[in-house]
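Down below is the structure, laid out as structure tokens.
The chains referred to below are lettered A, B, ... by the order of the sequence lines, with proteins before strands, and numbering in each begins at 1. Predicted model only: the values in this text are computed from it and were never measured. All heavy atoms count here, side chains included; hydrogens, waters and symmetry mates do not.
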Amino acid sequence: MLDKTYLPAEVEGAIYKRWEDSGVFAGGQPDRMAAGAKPYCIVIPPPNVTGSLHMGHALNNTLQDVLTRFERMRGKDVLWQPGTDHAGIATQMVVERQLMEKQEPDRRAMGREKFLERVWSWKAESGGTIINQLRRLGASCDWSRERFTMDEGLSRAVLKVFVDLYRQGLIYKDKRLVNWDPKLLTAISDLEVMQVETKGHLWHFKYPIKGEKNRFIVVATTRPETMLGDTAVAVHPEDERYSDLVGKFAVLPLVGREIKIVADEYADPEQGSGAVKITPAHDFNDFEVGRRHGLEMINIFDEHACINENAPEAYRGLDRFAARKRVVADLEAQELVEKIEDYTHTVPYGDRSNVVIEPWLTEQWYVDAATLAKPAIAAVERGETVFVPRNWEKTYFEWMRNIQPWCISRQLWWGHQIPAWYGPKFGEDGYPISGEYEVFVAPSEREAIEQAKNKYGANIRIEVLSDELRDLPLGPSVSHKADSPGPPHFTAIQLWRDPDVLDTWFSSALWPFSTLGWPEETPELARYYKTDVLVTGFDIIFFWVARMMMMGLHFMKEVPFHTVYIHALVRDEKGQKMSKSKGNVMDPLELIDEFGADALRFTLAAMAAQGRDIKLARSRVEGYRNFGTKLWNAARFLEMNECGRVAGFDPSSAAQTVNKWIAGEVEKAASQVTEAIEAYRFNDAANAIYHFVWHVFCDWYVELIKPVLSGSDEKAKAETRAMASWALDEALKLLHPFMPFITEELWTRLGEQGPAHETMLITAHWPRHSGLGGKAAADEIGWVIRFITEIRSVRAELHVPAGAKVPAVVVGAGKETAARVARHDELIRRLARIEEISLAKGAPKGAVQVVLDEATVALPLVDVIDISAETERLRREIDKIGAEISQLSKRLSDDKFVSRAPEHVVEEQRERMAEAEAATAKLREALKRLEAAA
RNA sequence: GGGCGGUUAGCUCAGCGGUAGAGCACUACGUUGACAUCGUAGGGGUCACUGGUUCGAUCCCAGUACCGCCCACCA
């Protein structure tokens with residue numbers, strides 16, 4: 001026997017284990033393969049290995065699981081490929097914080113190797129958290145294939161991609177300004193920089209003109225400290241105010257450097273004074289100006305953004321913000337500050353460190369993204385990959401068409417170390433050139449050494465500096481003998497490996513093929529690539545989707561997926577982004593504990609309408625928990641009424657009208673759910689099955705069959721039991737992708753009475769029907785439902801006590817109606833709380849009357865009801881229909897409408913008109929009778 | 001500056017060229033042998049505004065207002 005209430009917490013774990021142990025999650029099931037099943041593959045957006053499940057993950061993985069389970073039930077060979085991401089910066093930060101908390105030596109004191117060991121052991125310990133949380137959500141991933149971006153196999157893929165792209169000239173090293181994070185001490189990519197609107201100041205400084213007394217040129221800045229690195233002042237070439245100054249020099253205050261006044265179109269005459277200070281080493285625009293004019297680039301910051309030795313001594317060692325204050329104070333003391341304005345501008349912040357980013361001149365590795373983007377743009381243009389909803393393609397194109405070189409090197413330790421080795425570069429004089437070096441890019445140290453030998457000569461011994469020594473930036477280390485005059489004679493050359501690691505997204509970009517085994521030519525790679533659909537949030541279209549497109553096309557010559565489904569962000573019920581600082585975070589695991597994974601999943605799916613954010617309210621989760629209880633109790637009802645499964649039951653064989661009808665409703669629900677999931681309209685699918693279960697099956701079917709089940713017609717009873725059981729099973733299937741646990745539980749438990757199913761629900765066949773039900777059954781049950789509803793409505797409106805049973809008289813019934821009344825007499829009496837139904841030519845006096853098609857149903861309630869209230873009610877009805885009639889007649893008498901509107905529309909309006917007029921006539925008669933009685 | 005999206009019931013949202021829908025909330029009644037995590041019934045909407053297209057516009061087009069997001073720039 002089923003308990004009265006379903007308790008998710010007690011069964012979910014066991015059900016999940018049953019699925020997992022049975023191996024049904026795995027791709028390549030032999031029976032399916034044998035049956036020629038088509039492959040279906042989704043690769044999971046790998047969650048950060050340090051992470052724990054948040055609402056975004058819950059949504060993302062629910063939708064993937066809906067698709068996965070749906071396709072699995074449709075018989076496809078389904079692989080949902082799981083795994084986690086090493087998340088360079090995030091993970092390194094977590095472990096460093098841990099070291100700090102435990103008051104252990106920091107990572108630098110610890111050394112690279114020790115630190116990495118530490119990260120790995122941390123990963124071994126805590127890296128499984130989010131995977132287990134995905135299990136709690138019900139995710140049916142093939143865990144036997146779980147991958148990690150720093151796995152051996154995936155690392156091999158990373159190396160190959162790096163080396164290949166380098167050899168193809170698509171990866172290169174360049175010295176230019178990068179976004180430097182002075183807290184994390186690494187370069188970051190443009191995407192990792194957030195522009196934050198900030199209230200600050202605009203300082204206007206006066207730079208004296210060289211050789212002219214009391215003449216100044218005024219420049220404005222939001223970052224006064226950068227003036228220490230100024231190497232020019234620019235004015236617009238056509239700005240007449242300054243034309244005589246071009247080519248002259250200003251004397252940089254505090255520093256004393258003479259800086260040139262140059263003409264450059266970058267200077268905007270409209271803005272400020274029209275003259276702009278140029279700091280090529282610390283501003284992206286100034287860098288360009290500097291290049292154009294061959295200006296000196298003076299770097300005034302060290303890696304911590306403290307003033308370095310290139311600035312006057314007074315400022316050295318000062319942090320950038322302290323330096324700012326000092327510079328302003330010193331200029332004020334010299335009366336060189338013209339004015340200070342309040343100024344709102346955007347300031348770049350690191351998305352992980354949350355400190356102000358400085359443009360800083362360093363040498364970094366870049367990917368030539370513009371070249372790789374071309375095929376990726378074309379593929380979407382040709383429709384090889386389609387975005388759902390479609391409008392995200394615009395965003396994708398916009399970014400891809402303006403893509404900048406991708407800075408991929410990071411000055412971190414946790415990640416894929418760049419496979420580049422450096423050695424000294426020799427000049428023609430036979431001496432190493434200071435600051436220059438040879439680069440050997442190879443998939444292994446051995447191959448790098450080979451390359452070095454080719455370069456330096458086979459008889460030279462090549463050594464590779466150890467990890468501990470190589471963590472210095474650049475600068476060749478050469479061991480040689482120089483005991484005779486002339487160029488030195490080398491016996492050994494030392495190489496050192498680039499200490500940097502790759503941007504985490506570099507390995508993520510390979511995910512759709514690296515997880516399937518590439519660069520090996522595995523059967524999985526052949527079978528599942530390209531994958532089917534990528535499900536993700538719009539916030540990582542640039543970070544991830546675009547880059548997978550580029551890498552997939554370049555290395556596999558085929559797009560990584562045919563569809564990209566972009567879902568919304570989950571916000572709180574007020575529409576605020578969930579964040580720890582706002583304290584509005586909803587924890588999916590808490591919701592699962594409280595309401596069950598099914599309720600949470602269903603909520604997320606039901607709210608996942610395309611193109612909109614999800615504002616999640618607890619009350620919705622609670623409501624869908626109730627939905628589960630409702631389903632559970634319907635199953636309980638069937639169980640109590642011995643509705644067991646009948647093997648080989650054919651729903652089209654039903655003789656009872658109500659059974660034909662429900663079969664037709666099942667068919668309808670099945671096609672609605674199927675079509676909606678196919679179109680990624682998860683909300684429509686969820687609502688369709690919700691409506692079927694609650695408002696069709698529970699509200700009506702279960703009520704309609706009660707008289708049969710408690711009646712004495714054994715044949716009808718047997719058919720009904722079989723049909724009820726079948727219909728519920730079909731509903732369980734349709735609901736399973738959304739609520740896998742409760743449906744699987746019921747599937748099993750209901751087998752305890754009748755024959756059990758051969759398979760678990762997770763692998764049952766998805767419903768597909770045609771020709772069930774039929775119009776006659778639908779019309780008839782529709783009529784019964786309307787009859788009952790009308791009676792209930794009028795009873796409630798006229799305050800007929802709920803417990804009172806009253807007689808009903810059907811007046812003016814046609815042949816069909818009379819037959820229906822006879823067939824459903826007991827049913828109607830029970831559900832509308834009617835004592836007896838009779839047919840009559842004329843209505844009894846003083847009765848409540850409702851119009852039902854050609855007939856009028858009268859409830860003689862003279863003693864119970866208020867005649868004037870009923871009169872009032874009928875008048876209102878007449879008015880309501882009257883309004884419709886006048887609207888319709890106006891339309892129908894309009895020649896333009898009749899002649900131009902499509903035939904079927906006109907016909908429809910005529911029918912409605914006829915119906916409305918008939919109903920009005922009936923209502924008027926009813927009113928007349930009532931007044932006669934009064 | 002460029003782009004995208006939104007404005008429909010008290011709330012959260014679907015929808016659609018031809019009767020405006022759901023869930024939640026609300027009101028009244030109700031322990032009828034599955035279910036009070038429930039049942040029955042009900043109230044509630046000039047579909048932001050202004051024009052245009054159309055026989056007909058909440059829906060299509062243009063503009064306006066307000067809200068949100070993304071990208072770029074900022075002396």
Side-chain angles (χ1 to χ4, degrees), chain A residues 2 4-6 190-191 195 202-204 218-223 234 266-268 270-278 283-286 343-347 389 391-392 394-395 398-399 402 538-539 541-542 569 573-575 577 595 599 603 606-607 609 611-617 619-620 622-641 681 683-684 687 690-691 695 698-699 702-703 706 710 788-789 792-797 799-803 805 830-831 833 884 887-888 891 894-902 904-906 908-909 912 916:
Chain A
L2 296 174
K4 197 169 172 184
T5 327
Y6 167 69
D190 298 344
L191 286 175
Q195 302 292 339
L202 187 61
W203 286 271
H204 296 254
V218 175
V219 296
T221 182
T222 54
R223 297 188 295 155
Y266 167 66
D268 179 359
E270 305 293 313
Q271 211 160 342
S273 65
V276 56
K277 64 192 267 312
I278 300 296
D283 180 284
F284 289 100
N285 287 308
D286 294 4
Y343 194 70
T344 302
H345 61 133
T346 57
V347 175
N391 53 318
W392 288 109
K394 219 168 174 173
T395 305
E398 181 66 21
W399 190 70
N402 297 296
F538 60 80
D539 50 332
I541 290 178
F542 305 146
L569 242 50
E573 50 191 314
K574 289 176 199 135
K577 206 166 169 176
F595 300 113
T603 307
M607 299 191 79
R612 242 201 238 240
D613 286 345
I614 295 179
K615 293 179 200 160
L616 187 63
S619 62
R620 294 300 292 258
E622 192 179 345
Y624 290 122
R625 184 273 316 266
N626 297 352
F627 172 59
T629 309
K630 185 76 183 175
L631 172 74
W632 184 262
N633 279 290
R636 225 172 125 241
F637 171 82
L638 262 55
E639 186 188 45
M640 291 166 83
N641 285 279
R681 294 195 321 265
N683 59 322
D684 286 349
N687 287 329
Y690 180 95
H691 179 256
H695 298 305
C698 292
D699 285 355
V702 166
E703 295 304 325
K706 279 179 180 172
S710 59
I788 295 165
T789 307
R792 282 173 173 172
S793 173
V794 84
R795 285 178 63 124
E797 203 170 335
H799 300 106
V800 177
K805 291 208 169 186
R830 180 167 174 154
L831 297 184
R833 305 196 69 73
E884 199 191 340
Q887 201 188 340
L888 284 167
R891 197 174 297 165
D894 183 349
D895 286 345
K896 282 186 196 160
F897 171 72
V898 178
S899 60
R900 293 191 206 180
H904 75 273
V905 171
V906 178
E908 195 186 294
Q909 307 283 312
R912 262 168 56 194

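The side chain of M607(A) sits closest to U12(B) out of U12(B), C71(B), G39(B). When distances are taken from the side chain of E703(A) to each of C35(B), A14(B), C4(B), the shortest belongs to C35(B). Minimum atom distance to the side chain of V276(A) is reached by A75(B), of the listed A75(B), G18(B), A34(B). The side chain of E884(A) lies closest to U19(B), out of U32(B), C4(B), U19(B). Closest to the D699(A) side chain, of the nucleotides A41(B), A75(B), U40(B), is U40(B). Here the nucleotide nearest the side chain of R636(A), chosen from C55(B), A41(B), A34(B), is A34(B). Side-chain proximity of F542(A) to A41(B), U54(B), C70(B): nearest is C70(B). The side chain of S793(A) sits closest to G42(B) out of C55(B), G42(B), G18(B). Looking at the side chain of K630(A), the nearest of the listed nucleotides C35(B), A75(B), G18(B) is C35(B). Listed nucleotides A75(B), A41(B), A34(B) differ in distance to M640(A); the shortest reach to its side chain belongs to A34(B).
U40(B) sits 38 Å from A57(B) when the P atoms are compared, rounded to a whole Å. G23(B) and A14(B) have their C1' atoms separated by 10 Å, given to the nearest Å. Across G63(B) and C16(B), the matching C1' atoms stand 23 Å from one another, rounded to whole Å. Rounded to the nearest Å, the gap between the P atom of G21(B) and that of U46(B) is 15 Å. Only the P atoms considered, A22(B) is 27 Å distant from U31(B), to the nearest whole Å. Taking atom P in both G10(B) and C47(B), one finds a spacing of 13 Å when rounded to whole Å. When the P atom is compared between C67(B) and U8(B), the two are found 15 Å apart, to the nearest whole Å.
Where K896(A) and E398(A) meet RNA chain B, the nucleotide closest to each residue was compared, and E398(A) sits on the side nearer the 5' end. Nearest-nucleotide positions on RNA chain B place T395(A) closer to the 5' end than the other of T395(A) and G274(A).
Pair assignment for G17(B) gives none, since no Watson-Crick or G-U wobble pairing has each distance under 3.5 Å. Across every strand in view, U50(B) sits in a pair with A62(B) that passes the Watson-Crick or G-U test at under 3.5 angstrom. Across all strands shown, A34(B) forms no Watson-Crick or G-U wobble pair with both key distances under 3.5 Å. Pair assignment for A22(B) gives U12(B), based on Watson-Crick or G-U wobble hydrogen-bonding distances that are each under 3.5 Å. In this structure C69(B) sits in a base pair with G3(B), meeting the Watson-Crick or G-U test at under 3.5 Å. Both distances falling under 3.5 Å, in either a Watson-Crick or a G-U wobble arrangement, place U27(B) opposite A41(B).
Contact annotation for V905(A): base contact, defined as any heavy-atom pair under 4.0 Å involving a base atom. Among the protein residues, R830(A) comes within range of no part of the nucleic acid, since none of its heavy atoms lies under 4.0 Å from any strand. Residue contacts for F595(A): at a heavy-atom cut-off of 4.0 Å it reaches no nucleic acid atom on any strand shown. Nucleic acid contact class of D895(A) (heavy atoms, under 4.0 Å, all strands): none. Note on Q909(A): only backbone sugar-phosphate atoms sit closer than 4.0 angstrom, heavy atoms only; bases stay farther off. Residue contacts for Q271(A): at a heavy-atom cut-off of 4.0 Å it reaches a base atom on one of the strands shown. Across all strands shown, A635(A) has no heavy atoms under 4.0 Å from either base or sugar-phosphate atoms. Among the heavy atoms of the strands, none lies under 4.0 Å from S273(A). Residue-level contact check: Y343(A) touches the backbone only, with heavy atoms under 4.0 Å from sugar-phosphate atoms and none from bases.
Under 3.5 Å, the side chain of R792(A) and the base of U40(B) form no donor-acceptor pair of N or O atoms.
Residues F897(A) and V905(A) have side chains in contact (heavy-atom distance under 4.5 Å, counting atoms from C-beta outward). I788(A) places none of its side-chain heavy atoms less than 4.5 Å from the side chain of E703(A).
Put simply, K4(A) has a side-chain N or O that comes within less than 4.0 Å of OP1 or OP2 on A36(B).
When the ring-ring contact (aromatic ring centres under 6.0 Å, His included) test is applied to F627(A), the partners found at least two apart in sequence or on another chain are F602(A), Y690(A). With sequence neighbours left out, the salt bridge (Lys or Arg N to Asp or Glu O under 4.0 Å) criterion links E884(A) to R912(A).
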Report the C-alpha distance between F538(A) and T395(A) in whole Å, list the side-chain angles of each, state the deciding distance to 0.1 Å, and finish with yes or no for side chain to side chain contact (heavy atoms under 4.5 Å, CB included).
-> CA-CA 9 Å; F538(A) 60 80; T395(A) 305; over 6 Å; no
In sequence, state the C-alpha distance, the side-chain angles, and the governing distance for V219(A) and V276(A), and then conclude on side chain to side chain contact (heavy atoms under 4.5 Å, CB included).
-> CA-CA 5 Å; V219(A) 296; V276(A) 56; 5.8 Å; no
Using the side chain to side chain contact (heavy atoms under 4.5 Å, CB included) rule, take L2(A) and M640(A) through it: C-alpha gap first, then chi angles, then the decisive distance, then the call.
-> CA-CA 9 Å; L2(A) 296 174; M640(A) 291 166 83; over 6 Å; no
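With rounding to the nearest 0.5 Å, the separation of CG in L191(A) from CH2 in W399(A) is 5.0 Å. Atom CZ in R891(A) sits 4.5 Å away from atom CD in Q909(A) (nearest 0.5 Å). Considering OH of Y266(A) and CD1 of I278(A), their distance stands at 6.0 Å, rounded to 0.5 Å.
In this structure, the side chain of S899(A) engages the main chain of D895(A) through a donor-acceptor pair within 3.5 Å. Within the 3.5 Å criterion, the main-chain N or O of R795(A) finds no donor-acceptor partner in the side chain of R833(A).
Remark: C1' of G39(B) and CZ of R795(A) are 14 Å apart, rounded to the nearest angstrom. W399(A) has its CH2 atom 10 Å from the P atom of C71(B), to the nearest Å. Nucleotide G33(B) holds its P atom 13 Å from the CG atom of N641(A), rounded to whole Å. The CZ-P distance, from R625(A) to C35(B), rounds to 17 Å in whole Å. Atom-to-atom, CG of L191(A) to P of C71(B) comes out at 8 Å; the value is rounded to the nearest Å. Remark: P of C70(B) and NZ of K394(A) are 18 Å apart, rounded to the nearest angstrom. Rounded to whole Å, the distance from CG on D286(A) to C1' on A75(B) is 9 Å. Atom CG in D283(A) sits about 15 Å away from atom P in A72(B), given to the nearest Å.
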Each nucleotide N or O in nucleotides 21-30 of chain B that has a protein N or O under 3.5 Å away: list the pair and distance.
| residue | atom | partner | partner atom | Å |
| --- | --- | --- | --- | --- |
| G23(B) | OP1 | H695(A) | NE2 | 3.3 |

